[in-house]
Every structure is written in structure tokens, then in C-alpha cells.
Amino acid sequence: MTTVMSGSTGAPIQTGVAGSASASAGDASESARESVGAPFPAAVERLTLTDFRCYENVRMETGGRSVVLTGPNGAGKTNVLEAVSLLTPGRGLRRSSLSEVARQDAVRRTSGAPSPRAWAVAAKVATPTGVADIGTGLAGPGAEKRTVRIDGDNARNQAALSEYLDAQWLTPQMDRLFIDGRPARRRFLDRLVYGYDPAHSGRISAYEHAMRERARLLRDGAPDTAWLTALEDTMATKGVAVAAARGELVDRLGRFCCASHGPFPGAELTIDGDVERWLGAGPALEAEDNLRGALAASRAQDSAVGGAQVGPHRSDLHVRHLDKDQPAELCSTGEQKALLIAIVLADARMAAAERGRVPVLLLDEVAAHLDQQRREALFQELSAIGAQVWLTGTDRGLFEPLAGEALFFSVAAGAVTPELETV
Ligand SMILES: Nc1ncnc2c1ncn2[C@@H]1O[C@H](COP(=O)(O)OP(=O)(O)OP(=O)(O)O)[C@@H](O)[C@H]1O
Ligand SMILES: [Mg+2]
């Protein structure tokens with residue numbers, strides 16, 4: 001851990017730029033010690049939801065403090081976290097469609113066909129350069145594109161949000177991350193990359209678009225060879241850039257999560273795939289040539305099977321529990337959860353050290369799955385990192401150690417009510 005904390009306040013007191021992919025763990029610590037200035041914790045100071053999921057109109061004032069949301073099952077706790085996650089680029093923590101999140105009661109029916117109604121999530125956020133008003137939503141019936149507003153003006157695209165808010169999350173669905181298929185692990189890794197390299201999502205979209213076009217040409221038969229070659233060229237250049245960005249993140253993050261922190265184990269991260277192997281063996285241009293060649297050679301097979309046999313869309317993230325020297329998929333449910341938490345905490349520390357910014361952490365139902373010792377260790381780590389954290393749970397008692405530090409809200413029947421603080 002490279003960030004030094006100021007004891008009881010938990011405010012980080014120093015940080016730094018942890019250098020390039022070639023820096024060692026020692027270098028990372030060294031650069032953190034040498035630097036000045038505290039990392040800036042991203043924070044949502046006010047959150048307003050309009051016709052979002054089960055909420056007609058809700059406004060929460062946090063003043064930038066951490067938030068604990070408690071309430072019964074189905075009360076709407078995860079919905080609040082999802083709303084915050086939609087203030088960053090992408091599809092949010094549930095990956096729902098834009099129309100799905102519109103409040104059902106507000107869905108209008110026009111000539112029998114359901115039509116999504118406008119919904120909005122808005123926030124006042126603290127940024128290193130001051131407070132900003134950001135918002136997102138579906139403009140209204142027929143508008144299938146999510147709109148983004150920054151300080152009252154329409155932004156060109158979602159990517160603009162990443163300048164104002166960084167967030168990482170853990171949800172109960174991610175408990176199966178090491179067991180489920182590769183796409184979820186790649187998405188998890190790609191989200192970590194976005195935090196440092198917002199252009200990564202554009203590269204992935206361009207790669208996937210070219211891959212889909214190529215698959216369509218091959219499926220339709222007798223493709224235009226020049227067009228096919230152009231699409232494979234895009235796949236090769238974008239694909240190698242995607243793999244390189246993932247590989248670089250894995251190398252850097254690996255140095256921040258290789259040591260255990262209390263009950264959270266050290267983790268070794270590796271990414272495995274043909275493109276990664278080529279990148280490891282030679283220059284990027286050679287990897288592009290290899291990918292171009294492999295795609296050209298697999299046209300017949302791809303036209304029969306669909307998709308593409310080779311490319312970074314087939315790579316996989318492997319995680320190893322270092323204390324047990326075991327692959328994550330063989331670890332127990334609790335050990336897998338601890339590994340995931342360890343990785344997300346390491347990412348927050350790395351963001352503080354490298355970018356001077358600490359992401360907001362959205363931790364859905366995390367406390368309930370940890371024993372008391374791990375839970376308390378988690379709260380201590382969160383406080384040391386200095387992040388604004390949004391935690392949910394059905395059992396308020398589990399969060400008692402955070403009293404005085406976090407703001408508590410009870411969630412029920414479409415309302416989010418702040419608890420009065422006793423001084
Ligand atoms: N588009 C929507 N319109 C209205 N209500 C919705 C919509 N989508 C989901 N809901 C409602 O939101 C509620 C679920 O909210 P959420 O998942 O946030 O609950 P939770 O408090 O996290 O529950 P749990 O403790 O079980 O995780 C459900 O009652 C569901 O019916
Ligand atoms: Mg929930």
C-alpha cells in the first residue's frame with residue numbers, strides 16, 4: 001500500500017504518480033512517498049432521481065460523506081447504487097437497457113405499444129476543480145439514446161462523464177465472477193481500464209463493430225474481399241490496442257494487489273489469450289500482423305461457426321489467491337469475495353497514487369457476506385483509502401462501526417429517508 005493515511009480522520013495525506021508499466025512495486029511506493037498533495041476523493045454530494053426504477057422523485061443530500069442504505073428486500077437499495085453507476089460511462093451496474101430503468105408506473109402506452117417515459121439521474125459532484133452538476137437520462141418517448149448534461153449543457157457523449165466521476169462497484173452477481181464465463185471477467189477488467197484510459201471503450205466498440213460486420217459478410221457468403229480485409233485490419237489494430245491496455249492495467253494493478261491487507265488476500269492477475277502472447281513475444285506491430293494473418297486464415301471456419309476464432313474478445317482474466325497459492329475458481333465463496341474486494345480496494349489505492357483521484361465505491365450487499373472480523377477490516381480499509389462509499393444491506397446493525405462517519409438512510413416504499421444523527 002502506497003498511500004499514507006492521517007490516522008483517525010482517515011484522510012489520505014500523500015499520494016503520487018506510480019509510474020509506467022515497467023515500474024516495480026518498490027518504485028510505486030517510492031514515487032508515492034516522494035509526491036505531495038492528497039488524492040482527491042470523487043464524491044456525489046447530492047443525488048436526484050426522477051422516474052427512475054421504483055422512485056418517482058427522490059433527493060439525497062450527502063455532503064460528500066459515505067452513505068449506508070438499509071431496508072428490506074425489494075426496498076430499492078440497489079436501485080440507488082445503479083443510479084450512481086449511471087453517472088459514469090457505460091450501462092451501469094445492472095447493464096440494463098435504457099427503457100428498463102424507467103419507472104413502470106410512468107410508462108405511457110401509445111396506441112397499445114409501451115413507450116418508455118423520460119427518466120433522469122442528476123447529481124452535484126465534487127471534482128478536483130470544483131463542484132459540477134451532472135446528469136443523465138432518457139429524453140422521452142422515442143429517444144433511445146441516453147442524454148448527458150454537464151453544468152446545464154448537453155454533452156456530446158457519455159465519455160464526458162468520466163471527467164467528473166469515477167466509480168467502481170461490487171454486486172452480489174459478481175460473486176460468480178471467477179466461476180461464470182469469460183465475458184463477465186473481461187467486462188470487469190475493462191471497467192478497471194476505463195478508470196485510467198477513457199479511450200478504451202471507444203477501441204472496444206470499434207473492434208466489436210468491425211467483428212460484427214465481418215461476421216455478417218462471412219455469413220452472407222461471397223464477401224467483398226477488400227471490405228473484409230479492411231474490417232480485419234481494424235480488428236487487428238484496435239484489437240491489439242485493447243489487449244495492450246488490458247495487459248498494462250493488469251501489470252500495474254498486480255503491483256498494488258500482490259500483498260495481503262488484513263483479511264484481504266494478495267492476488268495475482270494474469271490475462272491470457274493469443275494476442276497477449278504475441279504482445280509478450282514481440283512488438284505491437286508484429287502482434288497486429290499476427291492477428292491480421294490469423295483472421296484471414298480463419299475466414300472459412302468463422303463463416304461456418306460465426307464470430308471470430310481469434311482476438312481479444314476471447315481472452316480471459318485469471319486471478320490467483322496468493323496466500324493459498326490457488327486459482328480463484330477453486331477458492332471458497334467467501335475467499336472469492338475477499339479476492340474481489342482486495343482487487344477493488346487495490347484499484348482505489350492505485351487510482352489515488354497514479355491519478356490523485358479516489359473513485360466512488362458502490363458496494364452492494366458486501367457486508368452481509370463477511371464475518372465480523374472481515375467486515376470491520378473492510379470498514380477500516382475504506383476509511384484509510386478515503387473513498388466515498390455507498391453501502392447497502394438489510395441489517396442496519398452490521399454497519400454500526402460506521403456511525404458518525406457515514407450517513408445512514410432507510411429505504412422503503414419508494415422513499416429514501418435520512419436517519420437523524422445523534423451527536
Ligand atoms: N422500472 C421499474 N419501475 C418500477 N419499479 C421497479 C423497476 N425496476 C425495478 N423496480 C422495483 O424495484 C425494486 C427492487 O429494488 P432493488 O433491487 O433496489 O431492491 P433492494 O432494496 O436492493 O432489494 P434486495 O435487498 O433484495 O437486494 C423491486 O420491487 C422492483 O419491482
Ligand atoms: Mg439489492
Side-chain angles (χ1 to χ4, degrees), residues 44 47-60 62 66-88 90-110 113-123 135-147 167-177 184 333 337 340-341 344 360-370 375 378 389-399 402 406-419:
V44 175
L47 180 69
T48 313
L49 313 181
T50 309
D51 282 332
F52 181 86
R53 296 279 188 194
C54 56
Y55 299 109
E56 186 175 358
N57 217 311
V58 159
R59 179 166 156 156
M60 295 173 67
T62 75
S66 288
V67 169
V68 174
L69 297 155
T70 59
N73 294 136
K77 305 179 294 294
T78 304
N79 291 346
V80 174
L81 266 50
E82 182 185 29
V84 177
S85 73
L86 284 167
L87 292 168
T88 65
R91 292 176 60 185
L93 60 69
R94 282 200 178 101
R95 296 178 47 73
S96 295
S97 68
L98 291 176
S99 49
E100 239 175 300
V101 303
R103 191 168 65 90
Q104 280 299 306
D105 290 356
V107 171
R108 289 194 197 118
R109 291 184 175 271
T110 321
S115 161
R117 195 190 139 119
W119 58 265
V121 175
T136 189
L138 187 62
E144 272 311 308
K145 196 165 171 284
R146 121 158 137 107
T147 53
Q168 290 296 344
W169 50 80
L170 281 177
T171 65
Q173 287 69 33
M174 289 165 68
D175 289 354
R176 295 188 50 82
L177 192 81
T333 316
K337 186 94 184 179
L340 267 179
I341 294 173
V344 169
V360 170
L361 300 178
L362 309 174
L363 305 182
D364 194 16
E365 296 287 347
V366 165
H369 297 272
L370 299 175
R375 205 162 47 239
L378 172 65
V389 193
W390 293 60
L391 293 140
T392 68
T394 51
D395 182 356
R396 192 201 176 289
L398 299 183
F399 301 98
L402 293 174
L407 282 175
F408 284 65
F409 291 84
S410 54
V411 185
V416 182
T417 315
E419 281 183 21

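As the structure is a prediction and not an experimental result, all values here were calculated from the model. First listed ligand is number 1; within each ligand, the first listed atom is number 1.
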Which atoms of ligand 1 are found less than 4.0 Å from any heavy atom of [X]?
X: A102; value: 1 (N), 2 (C), 3 (N)
X: R103; value: 3 (N)
X: P72; value: 21 (O)
X: R53; value: 1 (N), 2 (C), 3 (N), 4 (C), 5 (N), 6 (C), 7 (C), 8 (N), 9 (C)
X: E365; value: 25 (O), 27 (O)
X: G76; value: 15 (O), 16 (P), 18 (O), 19 (O), 20 (P), 21 (O)

How far is [atom] from the closest protein heavy atom, and which atom is that?
atom: atom 12 (O) of ligand 1; value: N79 ND2, 3.1 Å
atom: atom 3 (N) of ligand 1; value: Q104 N, 2.8 Å
atom: atom 17 (O) of ligand 1; value: R94 NH2, 2.7 Å
atom: atom 22 (O) of ligand 1; value: T78 OG1, 2.7 Å
atom: atom 26 (O) of ligand 1; value: N73 ND2, 3.2 Å
atom: atom 28 (C) of ligand 1; value: G74 O, 3.9 Å

Notebook entry, point to check: Protein heavy atoms: any of them under 4.0 Å from atom 31 (O) of ligand 1?
Noted result: no
Margin query: Geometry only, no angles: is K77 polar-contacting ligand 1 at N/O separations under 3.5 Å?
Written below: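 Such a contact does occur with ligand 1.
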Note to self: Geometry only, no angles: is E100 polar-contacting ligand 1 at N/O separations under 3.5 Å?
What the structure shows: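 So ligand 1 has an N or O lying under 3.5 Å from an N or O of E100.
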Item checked: side chain to side chain contact (heavy atoms under 4.5 Å, CB included) partners for A412, two or more places apart ->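 So A412 forms no side chain to side chain contact (heavy atoms under 4.5 Å, CB included) with any residue.
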Next item on the list: Quick one: name the protein N/O/S atoms under 2.8 Å from the Mg ion (ligand 2), chain by chain.
Entry: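 Hits for the Mg ion (ligand 2) below 2.8 Å: T78 OG1.
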Check: Does G71 offer a backbone N or O that forms a donor-acceptor pair with the side chain of K77 under 3.5 Å?
Finding: yes
Checklist line | Heavy-atom pair with the smallest gap, counting every atom of A123 and L87 | finding: CB-CD1, 3.5 Å
Check: Can you find a side-chain donor-acceptor pair between T171 and D364 that sits under 3.5 Å?
Finding: no
Checklist line | Short side-chain donor-acceptor distance under 3.5 Å, N79 and R94 | finding: yes
Would you mind reporting whether [Y] and [X] have side-chain heavy atoms less than 4.5 Å apart?
X: V416; Y: Y55; result: yes
X: L170; Y: I341; result: yes
X: T392; Y: V80; result: no

Next item on the list: For the pair V121 and V101, evaluate side chain to side chain contact (heavy atoms under 4.5 Å, CB included) and give the outcome as yes or no after the intermediate values.
Entry: CA-CA 11 Å; V121 175; V101 303; over 6 Å; no
